[in-house]
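Below, chain A is the first sequence line, B the second, and so on; all start at residue 1.
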Amino acid sequence: MANLAKLEDIVSLCKRRGFIFQSSEIYGGLASCYDYGPLGVELKNNVKKAWWKSVVHMHDNVVGLDCSILMHPLVWKASGHADKFADLIAECKSCNTRTRVDHLQNHAEEHTEHVNIDVELAATHDLSNKVCPKCGKVGNFTEPMPFKLMFETQMGANVDDSMTLYLRPETAQGIFANFKNVIDTTRVKIPFGIAQIGKSFRNEVTTKAFTFRTREFEQAEMEFFCEPGTDENWYEFWKEQRFNWYTELGIKKDNLRFRDHDPDELAHYAKACVDVEYKFPFGSGDWQELEGVANRTDFDLRQHQRGMRTLNSWYEQKGDLTQIQLKDEAEDYNKGPLSYFDEQAKKRFIPYVIEPSAGIDRSTLAFLVDAYDEEEVKGETRNLLRFHPALAPTKVAVFPLVKKDGMPDIAHNICKELKKYFTCFYDQAGAIGRRYRRQDEAGTPFCITVDGQTKEDNTVTVRDRDSMEQKRVSTDQLLNYLRDKLEI
RNA sequence: GCGGGUGUAGCUCAGUGGUAGAGCGUCACGUUGCCAACGUGAAUGUCGUGAGUUCGAAUCUCAUCACCCGCUCCA
């Protein structure tokens, strides 16, 4: 990338070109919320399409799903989010710095990430010998406070009998909740995957860095179910698949890397986890996570079997999640309702799960930043977005060289015909060079120009965004030529 | 939430108590036969928002909202 040294430059580019706007901007904005403009929505949709094609359509054993954002509250009791999806934080009274309790020095023995809220609220914490990492003061902390990271909402317009629900903090649980449905209806056999793209919500303690960490965000997740013992191989398989996806769509290899999680960094459900990180031109350490690939073991399906057994107590407590405890696992949990029967081996088991979980907003931003380029052309700076054709918001622009001699009509007809196959933009305003440069900034791979020669021999020029080179192509061959170049 | 910074046209910014500006971009007309050409003209501002001080506030004070950097977090 060139000269996008700061986040402000990216924000400015996104606004200027209609990729991303601040939400509710005319009202002064709403923290952590962003809108995708005309070019942005095309780009983001293309990112999702590319993910879906790569993860679902290119694999015989992966199917898709689109489930509701609101789910039965017990889903979140079983998954652990209702009780544990919170961070325990204490504030230093001297310097007002908030620090996770387990990050306080001399305190490594107690693991307080994803704590049990009720237990922590009741418990007393002795922080008298803990050191503030910022100012060095000892034992001068507020009582630790857990932050609930799930959004709550009400279902039912009548206040008296409405039910508290959560906006999902991840799409994954909707997949686990539909595991049985998919098994029963689609003839899939293990190993197989279920993929989903959709919005998730987390009440982050702090949001920041533009669309990088927002409270409302879009995930692309796939749960790949496999036999225990084969999970480590599949972990490696998907790790590689996912990394290559980014580079095949144009992310420069130098800007992408894996980062393995340390054992003590792993979430409560994970056996292994690796991040795919992109070197963003902002933030403290530059490298920021785009995607996590995790080995979730059989944790989630087993938890939901417990959740299913808990349904009666939930009714008895009139839906008050805080009053119930998840039922223990059955002794033969391996034969439970969410188990899988292997016909060949005549064996029943709870599958292990490998989960690639990508942030769509994050990768969209990364593709945008990575595609940005500036170059010198005859003493002028040319700004362009070198999008992979699959991601480019507009694939082709069509111009008449000048707006006379019937050129606009011919160009209009070509544009109309091409629109059947891919996004196509017509422009006749201003000098031809200016129109080329406008498309460069939008990342359009090809520009087609109708000129005086077109009427004589039925050819047009096709101008390449990256090289600025032009070729004459017959209008009969134009569609094939472009499809070949665009790989569509 | 705390500390630091910022907020004026679509974008980048100038304007520090006295009639809101520039460059770029956008639009129109003319010109123009391939890389941000030229000419002429035009539109666009709750000066983030709300109070206060003042004869008078973009400018001073307070509050508030949003963004950026750090703490934190993680898709």
(request) Starting at the 5' end of nucleotides 26-36 of chain B, put B wherever the base has a protein heavy atom under 4.0 Å, S where only the sugar-phosphate does, and a dash everywhere else. (result) SS----BBBBB

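- B/rC11 and B/rG23 make up a base pair, with Watson-Crick or G-U wobble contacts both under 3.5 Å.
- Look at A/Gln22 and you'll find a side-chain N or O under 4.0 angstrom from OP1 or OP2 of B/rC67.
- The ring pair (Phe, Tyr, Trp, His ring centres under 6.0 Å) check on A/Phe299 picks up A/His268, with sequence neighbours excluded.
- Across all strands shown, B/rG3 forms a Watson-Crick or G-U wobble pair with B/rC69, both key distances being under 3.5 Å.
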Strictly under 3.5 Å: I want the nitrogen or oxygen pairs between protein and nucleotides 8-10 of chain B, one per line.
unit_1	atom_1	unit_2	atom_2	d
B/rG10	O3'	A/Lys15	NZ	3.3

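- When the C1' atom is used for both B/rC2 and B/rU59, the distance is 29 Å, rounded to whole Å.
- The distance from atom CG of A/Leu30 to atom P of B/rU64 is 18 Å, rounded to the nearest whole Å.
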(message) As a quick check of understanding, evaluate salt bridge (charged side-chain N to carboxylate O under 4.0 Å, His left out) for A/Arg296 and A/Glu170, giving each step before the final call.
(response) CA-CA 14 Å; A/Arg296 291 183 79 130; A/Glu170 62 175 20; 3.2 Å; yes

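- Using Watson-Crick or G-U wobble geometry with both donor-acceptor distances under 3.5 Å, B/rU53 finds no partner in any strand shown.
- Under the rule for a salt bridge (charged side-chain N to carboxylate O under 4.0 Å, His left out), the partners of A/Glu25 that lie at least two apart in sequence or sit in another chain are A/Lys15.
- Listed by chain and number, the residues in a salt bridge (charged side-chain N to carboxylate O under 4.0 Å, His left out) with A/Lys395 amount to none (sequence neighbours excluded).
- For A/Tyr36, the ring pair (Phe, Tyr, Trp, His ring centres under 6.0 Å) criterion is met by no residue, not counting sequence neighbours.
- Going from the P atom of B/rC11 to that of B/rG48 covers 13 Å, rounded to whole Å.
- Rounded to whole Å, the P atom of B/rA66 lies 23 Å from the corresponding atom of B/rG52.
- Across the strands present, B/rC47 finds no partner; the criterion is a Watson-Crick or G-U wobble pair with both atom distances under 3.5 angstrom.
- Straight-line distance between the C1' atoms of B/rU44 and B/rA9: roughly 6 Å, to the nearest whole Å.
- Nucleic acid contact for A/Arg259: base, since at least one base atom lies under 4.0 Å from a heavy atom of the residue.
- Residue-level contact check: A/Thr214 touches the bases, meaning some heavy atom is under 4.0 Å from a base atom.
- With rounding to whole Å, A/Phe280 atom CZ is found 12 Å from B/rC69 atom P.
- In this structure, A/Phe243 has its ring center closer than 6.0 angstrom to the ring center of A/Phe258.
- Taking atom P in both B/rA36 and B/rC29, the straight-line distance is 22 Å, to the nearest Å.
- Taking the six-membered ring for Trp and the full ring otherwise, the centers of A/Phe179 and A/Phe225 sit less than 6.0 Å from each other.
- As judged by a 4.0 angstrom heavy-atom cut-off over every strand, A/Leu290 is placed among residues touching the sugar-phosphate backbone only.
- Heavy-atom contacts from other residues, nucleotides or ligands closer than 6.0 Å to CD of A/Glu152 number more than 12.
- Applying the salt bridge (charged side-chain N to carboxylate O under 4.0 Å, His left out) rule to A/Arg362 yields no partners; only residues at least two apart in sequence or on another chain are considered.
- Comparing A/Glu289 and A/Tyr34 along RNA chain B, the residue whose closest nucleotide (by nearest heavy atom) sits nearer the 5' end is A/Tyr34.
- With sequence neighbours left out, A/Arg438 forms a salt bridge (charged side-chain N to carboxylate O under 4.0 Å, His left out) with A/Asp427.
- Taking atom CG of A/Leu13 as the reference point, atom P of B/rG25 lies 16 Å away to the nearest angstrom.
- Taking atom CZ of residue A/Arg168 and atom P of nucleotide B/rA75, one finds them 15 Å apart after rounding to whole Å.
- Spacing between B/rG70 and B/rC60 at atom P, rounded to whole Å, works out to 28 Å.
- Centroid-to-centroid, the aromatic rings of A/Trp238 and A/His59 come within less than 6.0 Å.
- Residues of residues 237-245 of chain A that place a heavy atom closer than 4.0 Å to RNA chain B do not occur.
- In this structure, A/Tyr352 has no ring pair (Phe, Tyr, Trp, His ring centres under 6.0 Å) partners at least two apart in sequence or on a different chain.
- Straight-line distance from the CZ atom of A/Phe21 to the C1' atom of B/rC67: 17 Å, rounded to whole Å.
- For B/rC71 and B/rG17, the C1' atoms lie 39 Å apart once the distance is rounded to whole Å.
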Write out a two-atom table: protein N or O, nucleotide N or O from nucleotides 39-47 of chain B, distance below 3.5 Å.
none

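- Residue A/Glu469 qualifies as open at atom CD: its count of foreign heavy atoms under 6.0 Å is 12 or below.
- With P as the reference atom, B/rA57 and B/rG23 are 29 Å apart, rounded to whole Å.
- Centroid-to-centroid, the aromatic rings of A/Tyr166 and A/His81 stay 6.0 Å apart or farther.
- When the options A/Phe217, A/Phe210, A/Phe212 are evaluated for a ring pair (Phe, Tyr, Trp, His ring centres under 6.0 Å) with A/Tyr34, the one that passes is A/Phe210.
- For the pair A/Phe217 CZ and B/rC74 P, the computed distance is 11 Å after rounding to whole Å.
- B/rC38 is paired with B/rG30 under the Watson-Crick or G-U wobble criterion, all donor-acceptor distances under 3.5 Å.
- In this structure, CD of A/Gln288 is placed 13 Å from P of B/rC68, rounded to the nearest angstrom.
- Evaluation of the ring pair (Phe, Tyr, Trp, His ring centres under 6.0 Å) rule for A/Phe176 yields no partner, not counting sequence neighbours.
- Here B/rA75 presents its P atom at 11 Å from CG of A/Leu149, a figure rounded to the nearest Å.
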